[in-house]
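Read through the structure below, which is laid out as structure tokens, and then see the notes.
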Amino acid sequence: MSVVDQSTTTAHVVGRVDDVPLGEGRAFVAGGVQVAVFRLRDGSLHATQAACPHAGGPLADGQTDADVLVCPLHLFAYRWRDGASTSGAAPVRLFAVHEEDGQLVVDV
Ligand code: FES
């Protein structure tokens, strides 16, 4: 099940896939919305809101693995699967993201 509703979103090119090193995240603006895009070590892409729902921490600087993203400020964790926090915070908003001709495209 996906929590990303693509029926009301618009695709935005935010940068190049190479702008995001493997295993890391970077902040971008997509359609006026600040987003954090991650490229996991398996090459998969994920995107969230840029500000942590707990207290606004920079999620693009968080640590991640295949299952969760951990905010660098207070270490709350969020599941990639559905954005839910595994440590008691409000859920994070997820966005669909894909690669198209080397470009990062985020649906916001
Ligand atoms: S601001 Fe992200 S865990 Fe507190």
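Computation of the quantities below employed the complete heavy-atom set of this structure, encompassing side-chain atoms and omitting hydrogens, waters and symmetry-equivalent molecules. Atoms within each ligand, like the ligands themselves, are counted from 1 in listed order. Computed from a predicted structure; not experimentally measured.
For His54, the N, O or S atom closest to atom 4 (Fe) of ligand 1 goes by the atom name ND1. Among the heteroatoms counted here (N, O or S) of His74, ND1 is the one nearest to atom 4 (Fe) of ligand 1.
Below 4.0 Å from some heavy atom of Phe76 lie the following atoms of ligand 1, by number and element: 3 (S). Of all the atoms in ligand 1, the ones that sit under 4.0 Å from a non-hydrogen atom of Gly57 are 1 (S). Proximity to Ala55 (heavy-atom distance under 4.0 Å) selects the following atoms of ligand 1: 1 (S). Listed by number with element, the atoms of ligand 1 under 4.0 Å from a non-hydrogen atom of Cys52 are 1 (S), 2 (Fe), 3 (S). Residue Cys71 has at least one heavy-atom neighbour below 4.0 Å for each of these atoms of ligand 1: 1 (S), 2 (Fe), 3 (S).
Note: His54 and His74 have perpendicular aromatic rings, judged against thresholds of 30 and 60 degrees for the angle between ring planes.
Among Val33, Thr10, Val37, Thr9, the one residue that satisfies the side chain to side chain contact (heavy atoms under 4.5 Å, CB included) test with Val106 is Val37.
Side-chain contact between Leu40 and Thr64 is present, with at least one heavy-atom pair separated by less than 4.5 Å. Side-chain contact between Leu69 and Thr48 is present, with at least one heavy-atom pair separated by less than 4.5 Å.
Taking the centre of each ring, Phe38 and His46 stay at or above the 6.0 Å mark.
Between Arg16 and Asp19 no salt bridge is recorded (no basic side-chain N to carboxylate O distance below 4.0 Å).
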